Amino acid sequence: MQQTIANEIIINGVGLHSGVTSKLVLKPAAENHGIVFKRTDINDFIPLKALYSNVVDTQNCTCLGDKKGNTISTIEHLMAALSVMHVDNLLVEIDSPEMPILDGAATIFWQKLQQVGVKKQNTPRKYIKILQQVEFADDKGNKVSLEPADEFQINFTIEFPSKIVGHQEFCNSITEDIFIKEIAPCRTFCEKYQIDYLRSIGLIKGGSLDNAVVLDGETILNPDGFRVKNECVNHKVLDAIGDMYTAGFPIIGKLTAYKTGHYHNNQLLKRLFADNTNYQIIQKDK
């Protein structure tokens with residue numbers, strides 16, 4: 001059955017790119033409501049469903065937007081936690097254009113959701129069952145695909161020249177246990193030289209070693225090092241889980257990704273839904 005959260009959650013934090021402190025309020029919602037975001041600092045803001053079709057920017061994060069140019073960015077970490085915790089219906093209120101980055105991962109979102117718990121509702125959950133392979137590739141050879149499977153699985157590969165990252169792979173079904181231990185703690189990461197560029201264009205004003213992994217050649221600048229083995233690829237998996245939940249329903253299928261990101265995930269969903277023979281919306285027996 002569909003689920004929402006049992007009680008309201010309030011989270012305060014700083015946006016990674018804007019550096020602006022925001023207040024996030026997660027509220028229970030009725031059956032078939034979906035995951036909906038609302039800007040409370042804009043009087044006439046029309047709530048936006050967290051759907052791939054409402055994504056307006058995928059540079060460095062996943063960003064929802066309306067026709068007036070109002071946006072809500074960096075939704076992917078919360079979306080990942082909601083996906084794995086099977087939260088179907090939720091109203092997300094925020095008083096700024098960017099979600100708080102918190103620990104740079106999804107652990108805090110997960111903990112807050114666990115504290116209040118979920119409430120079962122009276123309407124069956126719907127799933128998107130992948131019926132045939134769908135693929136998107138860019139002109140650099142980076143590609144991502146969805147294909148039929150019995151459950152939601154991800155096979156993700158990254159390749160970086162730095163030996164401290166290098167070749168990393170994640171291949172597993174996305175269960176709550178794996179998410180908690182291997183995926184939720186994994187922070188966004190970047191090279192030190194990228195920080196100078198991103199700051200020069202007005203981004204990562206809220207970034208720090210508390211919410212990101214920073215690499216400098218073959219050195220990791222974070223005093224405590226990586227949180228988990230293969231943290232870099234596992235963070236890409238975290239992002240992918242959140243992005244795939246913008247399909248509107250949980251996906252039953254296997255995602256295979258090679259050196260891809262938010263842009264590729266969004267383009268893949270557009271290709272998926274462009275042809276209704278690619279998928280079927282079902283209700284799954286327990």
Side-chain angles (χ1 to χ4, degrees), residues 9 11-17 19 24 60-62 73-85 98-115 152-195 198 203-245 255 257-262 265:
I9 299 170
I11 302 172
N12 294 289
V14 174
L16 173 63
H17 294 297
L24 188 67
N60 302 307
C61 69
T62 294
S73 64
T74 322
I75 68 166
E76 58 271 14
H77 301 164
L78 173 62
M79 289 294 290
L82 295 173
S83 172
V84 177
M85 199 165 169
E98 186 179 16
M99 297 282 288
I101 192 61
L102 303 178
D103 65 341
T107 299
I108 294 175
F109 286 129
W110 179 268
Q111 290 171 344
K112 294 289 187 180
L113 290 165
Q114 285 289 322
Q115 286 171 10
F152 186 38
Q153 306 169 3
I154 294 182
N155 185 348
F156 210 117
T157 303
I158 61 173
E159 302 273 1
F160 280 82
S162 167
K163 291 180 182 178
I164 202 168
V165 180
H167 175 96
Q168 292 186 7
E169 284 187 47
F170 175 95
C171 186
N172 218 327
S173 299
I174 305 303
T175 64
E176 286 194 21
D177 187 57
I178 288 171
F179 183 78
I180 295 165
K181 294 177 181 178
E182 301 181 22
I183 301 171
C186 298
R187 298 156 291 180
T188 188
F189 64 98
C190 65
E191 294 278 358
K192 184 177 181 297
Y193 75 86
Q194 293 174 304
I195 293 177
L198 291 169
L203 296 178
I204 64 167
K205 294 176 181 177
S208 72
L209 294 179
D210 293 327
N211 55 39
V213 176
V214 181
L215 309 173
D216 186 11
E218 302 305 325
T219 303
I220 178 171
L221 299 185
N222 303 67
D224 296 330
F226 291 115
R227 288 179 178 169
V228 301
K229 183 181 178 181
N230 290 344
E231 182 169 356
C232 294
V233 73
N234 287 15
H235 181 80
K236 301 288 281 185
V237 172
L238 172 63
D239 285 345
I241 295 169
D243 288 346
M244 287 301 107
Y245 204 31
L255 179 78
Y258 178 72
K259 297 169 61 176
T260 52
H262 301 296
N265 296 335

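Side-chain atoms are counted along with the backbone in the values below, which use heavy atoms only and exclude waters and symmetry mates. In this text, all values refer to a predicted model and were calculated from it rather than measured experimentally.
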- Which of T188, I220, I164, V165 passes side chain to side chain contact (heavy atoms under 4.5 Å, CB included) with V213? Answer is I220
- Item | Nearest heavy-atom neighbours spanning E98 and T74 | OE2-OG1, 3.3 Å
- Item | Sequence-distant partners of T260, side chain to side chain contact (heavy atoms under 4.5 Å, CB included), two or more places apart | N142, V144, F156, A257, H264
- Answer yes or no: is there a donor N or O on one side and an acceptor on the other, between the side chain of N222 and the main chain of A212, under 3.5 Å? yes
- Note on the structure: Of all heavy-atom pairs linking C186 and L238, the shortest is O-CD2, 3.7 Å
- Would you name the heavy atoms of P100 and F109 that are closest together and state the gap between them? O-CZ, 4.0 Å
- For K112, which residues count as a side chain to side chain contact (heavy atoms under 4.5 Å, CB included) partner, sequence neighbours excluded? I9, I11, I108, Q115
- Nearest non-hydrogen partners of L255 and A240, listed with the distance: CD2-CB, 3.8 Å
- Quick one: does I178's side chain get under 4.5 Å of V84's, heavy atoms only? no
- Note on the structure: side chain to side chain donor-acceptor pair (under 3.5 Å) filter on N265, not counting sequence neighbours, yields D243
- Pairs touching residues 155-179 that satisfy salt bridge (charged side-chain N to carboxylate O under 4.0 Å, His left out), sequence neighbours left out: D177-K181
- Query: In chain order, what residues pass the ring-ring contact (aromatic ring centres under 6.0 Å, His included) check against F189, with sequence neighbours excluded?
  - Reply: F160
- For I180, check side chain to side chain contact (heavy atoms under 4.5 Å, CB included) against everything at least two apart and list the hits. W110
- Check whether any side-chain heavy atom of I158 lies under 4.5 Å from a side-chain heavy atom of F170, and answer yes or no. no
- Message: Measuring only between side-chain heavy atoms, which start at C-beta, is I174 closer than 4.5 Å to N172?
- Response: no
- Note on the structure: By side chain to side chain contact (heavy atoms under 4.5 Å, CB included), Q153 pairs with (sequence neighbours left out) A149, E151, S173, K254
- Distance in Å, M244 CE paired with D239 CG, rounded so as to fall on 0.5 Å steps: 11.0 Å
- Using the salt bridge (charged side-chain N to carboxylate O under 4.0 Å, His left out) rule, collect all pairs that involve residues 219-233, keeping only residues at least two apart or in two chains. D103-R227, R187-E231
